[in-house]
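Read through the structure below, which is laid out as structure tokens, and then see the notes.
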Amino acid sequence: MNILLNILNWFSQNILQNPAFFVGLLVLIGYALLKKPAHDVFAGFIKATVGYLILNAGAAGLVNTFRPILAALNFKFKIGAAVIDPYFGLTAANTKIAEEFPSFVGTATTALLIGFGFNILLVAFRKLTKIRTLFITGHIMVQQAATVSLMVLLLVPQLRNSWGTLAIGLLCGLYWAVSSNMTVEATQRLTGGGGFAIGHQQQFAIWFVDKVAPFFGKKEENLDNLKLPKFLSIFHDTVVASATLMLVFFGAILLVLGPDVMANKEVITTGTPFDPAKQDFYMYILQTAFTFSVYLFILMQGVRMFVSELTNAFQGISSKLLPGSFPAVDVAASYGFGSPNAVLSGFAFGLVGQLITIVLLIVFKNPILIITGFVPVFFDNAAIAVYADKRGGWKAAFVLSFISGVLQVALGTLCVALLGLASYGGYHGNIDFEIPWLVFGYIFKYLGIIGYALVCFFFLLIPQLQFARAKDKEAYYQGQVQAED
């Protein structure tokens, strides 16, 4: 018995609590089950593990670059600031869990495995559950598992025990399965029967937009008939878009803080303070802003590196175990089926909505300052514009992406306050984690374990209601768009 306990303790400390090696192990097992050659199994393990370590390096760089600015903001204005972006949110959630719940450091990674396994079961028993989709977007699962883990551990004290990780995993699996299942009809309509669903960060929003967009205008009045400025095309490049956003926001913040505060070593106790003897302040601003883009690029490269292996392992397993199911993939897969102008217009109008709301937060002296992040302002609002334009034309695309931008910032302040993340510098930020998950968070806070059960019941009820509305039950399982949709 002692030998078994020692093995389990070693596995927990060295694998479960070390996400890089746990993800590598998942890939190794997945490729082995697919009967890949031994050298491919080994290579997949290395790529997945190193990719996650690169992600950690990028996340650490973001933290080290942001903390001096956060300290300066707290010193000068006595406010907290948070970037609404899932990569910043991932780092903030993991840091807070490590500091406040150290025994649950490996929870998010274990919950990811449990959640994915539960998603498989829900699809396997789809005649009972009415779930048709398997969420396979690995890097999104990593981000969401961390945020959900923090939310449950912080707001449901009854689950800070050996059952907590299981509960978090089941909750993640329900969200992944149910929310992606909600996008089947909308995506089939957009793609003309493309055979996939969306597994990203805005599934609830896609379902809602698909329902309300027709009230804003006619689908014939779409964005293909509008001409947009050519200069906006530069934002197709992630590096350019993220560096520009970081320069606008952090440049403005650093200008307001001034060189005296940023050079004060009593305030800037972490990172590198500004040294007027070595560098011009404006060059310091430019370097700091671009450094954010550097670490974000490193982080995203690490994500791509391990996710490609993880996704291949997941897809192979799912195709063997669950033939006929819909894979839920990255929302960017939908962009090629919409108007070429939809992505840029969604980005532009969502950004305007965010900027206006940020200005209002400053004017009304909100205690938490929200800083926009590239992923929500681009992916959420671009997706909303693509789906809205398909159903309600350019008016729906403009209005709904603008509203999304407003909500991302306004509700982001509530999310940051609820989870106490102002001092950690980030929150998930995507629209699903600004609306439904904010509501779930308050339910957890005030109802505890009962609230957790109610949220799980709510998730299980949604596909049953979808199925009940379908006139042709077999067509529902095939994802065919029906008249009432």
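The residues of the chain are indexed from 1 along the displayed sequence.
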Between [X] (side chain) and [Y] (backbone), is there a donor-acceptor pair under 3.5 Å?
X    : Y    : answer
S293 : A289 : no
E185 : M182 : no
R189 : D210 : no
R132 : F326 : no
T65  : F292 : no
K445 : L418 : no
E309 : I46  : no
Q464 : L128 : yes
S334 : V331 : yes
Q203 : Q201 : yes

Proximity of [X] and [Y] rings by center, below 6.0 Å:
X    : Y    : value
F459 : F440 : yes
F135 : F116 : no
F467 : Y476 : yes
Y175 : W437 : yes

Start with the C-alpha distance between N381 and V377, add both sets of side-chain angles, then the distance that settles side chain to side chain contact (heavy atoms under 4.5 Å, CB included), and finish with yes or no.
CA-CA 6 Å; N381 302 322; V377 77; 4.0 Å; yes
Mark yes when over 12 heavy atoms from residues, nucleotides or ligands other than [X] sit less than 6.0 Å from its [atom1]; otherwise mark no.
X    : atom1 : value
F402 : CZ    : yes
Y442 : OH    : yes
F101 : CZ    : yes
I450 : CD1   : no

To the nearest 0.5 angstrom, please state how far the [atom1] atom of [X] sits from the [atom2] atom of [Y].
X    : Y    : atom1 : atom2 : answer
N181 : R126 : CG    : CZ    : 11.0 Å
W176 : L134 : CH2   : CG    : 10.5 Å
I371 : I358 : CD1   : CD1   : 8.0 Å
L257 : I253 : CG    : CD1   : 7.5 Å
T413 : L438 : OG1   : CG    : 9.0 Å
L155 : L150 : CG    : CG    : 7.5 Å

Taking every non-hydrogen atom, the tightest pair across [X] and [Y]:
X    : Y    : value
I168 : S149 : CG2-OG, 3.5 Å
I431 : A205 : CG2-CB, 3.6 Å
L159 : A167 : CD1-CB, 3.9 Å
Y335 : A382 : OH-CB, 3.6 Å
T133 : S180 : OG1-OG, 2.7 Å
V105 : A98  : CG2-CA, 4.0 Å

*Compute whether any side-chain donor of one residue and acceptor of the other, for D380 and S404, lie under 3.5 angstrom apart.*
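No, no side-chain donor-acceptor pair sits under 3.5 Å.
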| task | Mind running side chain to side chain donor-acceptor pair (under 3.5 Å) on Y424 and E99 for me, showing each step along the way? | result | CA-CA 11 Å; Y424 293 88; E99 290 183 4; 2.9 Å; yes
*Take V50 and M305, measure what side chain to side chain contact (heavy atoms under 4.5 Å, CB included) needs, and give me the verdict at the end.*
CA-CA 8 Å; V50 173; M305 190 170 173; 4.0 Å; yes
Query raised in the report: Given side chains that start at C-beta, do those of M141 and C172 come closer than 4.5 Å, heavy atoms only?
Result: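 Not touching, per the 4.5 Å side-chain cut-off.
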If we only count heavy atoms from C-beta on, is the Q144 to F433 side-chain gap below 4.5 Å?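 Side chain of Q144 against side chain of F433, heavy atoms only: contact under 4.5 Å found.
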Determine, stepwise, if the pair T147 / Y427 fulfils side chain to side chain donor-acceptor pair (under 3.5 Å). CA-CA 8 Å; T147 301; Y427 177 66; over 6 Å; no
- Message: Please determine whether side chain to side chain contact (heavy atoms under 4.5 Å, CB included) holds for the pair I370 and T357, giving the CA-CA distance in whole Å, both sets of side-chain angles, and the decisive distance to 0.1 Å.
- Response: CA-CA 9 Å; I370 293 296; T357 313; over 6 Å; no
Which of parallel (below 30°), tilted (30 to 60°) and perpendicular (above 60°) describes F204 and F458?
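Rings of F204 and F458: parallel, under 30°.
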